[in-house]
Protein chains: 2
Amino acid sequence: MASSLAAVTAESRPTFSIHWILGLEMEKSGNSVDLHRPWTEMGAEKENRNKRVCSKPFHCSEEVNSPQPSSSWYVGRRPRTAFTNSQVSVLETVFQVNCYPGIQLRERLAQRLDLEEDRIQIWFQNRRAKLRRSLRESSLQLVQTTVNDLQAGNKVRDQLELTSHLLVSDHE
Amino acid sequence: MASSLAAVTAESRPTFSIHWILGLEMEKSGNSVDLHRPWTEMGAEKENRNKRVCSKPFHCSEEVNSPQPSSSWYVGRRPRTAFTNSQVSVLETVFQVNCYPGIQLRERLAQRLDLEEDRIQIWFQNRRAKLRRSLRESSLQLVQTTVNDLQAGNKVRDQLELTSHLLVSDHE
DNA sequence: TTTTAATCTAATTAT
DNA sequence: ATAATTAGATTAAT
């Protein structure tokens, strides 16, 4: 609420400082206000993009030429959430019933498990991906098995054909 | 915090009620604990997909029992956030500088604009998609213009060729 | 009708 | 192994 008020105060003014908005973030990048849109140069440097030497684009825009993967002062990614066994247990149970929980159920789960709603959302997305993956794999395995069985069947048939051919030849 | 305690209490018990977990959500679906995984029956109903009966998995299961697919969808969806002009203004300004804000900047923006961090994340995702779309369109238009120019150039060249041919023919 | 917030998948990155 | 992020495609609210 207090932060909201501060924001509104600044927002009502047409010109506001980018430094004020970015706060501490600006200290590290200095005054350079360079755009970071790696996907505009798609074909050119795939390596740089894939490597994502700097998951914090802001600070590392100059690092495109000098990659320092192990700059540990900050990583732009949200720290990995470590779900407890109990939390996963509940989530798995709910997933069995409904793997596309709506906002109400997600909020409820967030409250009951003391997690943010978005963590729930992401968990279900990843869980569905996992299930799809396993289903794909098992169906692939089914195909493999079927192919193998067919091949085995063919071998038997070939054996039979060979035998019958020999018998026929024997008779002729 | 209180909800956390409640959750832990229930979690520590190996057997917990699915109804307790789902709470009010269960009222709608009754006692039937039917799985909802529309993508497991992918190949089976291609017609439905083409007919656009339900392209979202969510309505599919609901639609079986309820005749109002549209009303059942938006109850499950988070209510659309209405950003104020001021909020968008700040977001746009930050976007000019960094369209891939890390977790710190996202949290800072969330605090200052009185929004959830995930709303910020989603806003930037949609904003990047919009920018990419506009870039694609403008580059497409560039191609169109180039093609048109080339065609116009060809016409001029054809005119010149025709003229010279007539002149040559005239001399022969 | 247009714009865009929310949701989803698929692939990937990174812990 | 899986949480987090991205692009891209849709859906649906304004």
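On a predicted model such as this, the values are computed, not experimentally measured, just so you know. Chain naming here is simple, since letters A, B, ... match the order of the sequence lines and numbering starts at 1 in each.
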Out of D:dA1, C:dT13, C:dA5, which has the shortest distance to the side chain of B:I122? C:dA5

Could you tell me the separation between the CZ atom of B:R80 and the C1' atom of C:dA5, rounded to a whole number of Å? 4 Å

Need one value for B:Q125: base, sugar-phosphate or nothing, where a base atom within 4.0 Å counts as base even if backbone is also close, heavy atoms only. base

Would you mind telling me which residue lines up with the more 5' stretch of DNA chain D, B:N126 or A:T81, judged by nearest nucleotide? A:T81

Here the distance between atom C1' of D:dA7 and atom CZ of B:R132, to the nearest Å, is 5 Å

With a 3.5 Å distance limit and no angle check, can you tell me whether A:Q87 reaches the backbone of A:L113 through a side-chain donor-acceptor pair? yes

Indicate, with a heavy-atom threshold strictly under 4.0 Å, whether A:R127 touches base, sugar-phosphate, or nothing. nothing

Hey, mind stepping through A:W123 and A:E92 against side chain to side chain contact (heavy atoms under 4.5 Å, CB included) and telling me if it holds? CA-CA 10 Å; A:W123 188 90; A:E92 287 284 358; 3.9 Å; yes

note: A:R119, atom CZ; D:dT2, atom C1'; distance rounded to Å ~ 13 Å

Across every strand shown, the nucleotide meeting Watson-Crick or G-U wobble geometry with D:dA7 (both distances under 3.5 Å) is C:dT9

To the nearest angstrom, how far is A:F124 atom CZ from D:dA4 atom P? 14 Å

Geometric class of the A:F95/A:F124 ring pair [parallel <30°, tilted 30-60°, perpendicular >60°]: tilted

Distance test, side-chain N/O of A:Y100 to OP1/OP2 of C:dT9, below 4.0 Å: yes

Without decimals, in angstroms, what is the distance between B:E107 CD and D:dT5 P? 10 Å

B:K130 NZ to D:dT6 P: how many Å, rounded? 19 Å

Any A:R106 side-chain nitrogen or oxygen under 4.0 Å from OP1 or OP2 of C:dT7: yes

What integer distance in Å separates A:I120:CD1 from D:dA3:P? 11 Å

Are the charged groups of A:E116 and A:R78 less than 4.0 angstrom apart, N to O? yes

Calculate the interatomic distance between A:Q121 atom CD and C:dT9 atom C1'; express it in whole Å. 13 Å

When you measure only distances, ignoring hydrogens and angles, does the side chain of A:R128 come within 3.5 Å of the base of C:dT9 through a donor and an acceptor? no

Which nucleotide in the list C:dT7, D:dG8, C:dA10 gets nearest to the side chain of A:R136? C:dA10

Where do A:C99 and A:R128 come nearest, in terms of heavy atoms and distance? O-NH1, 2.8 Å

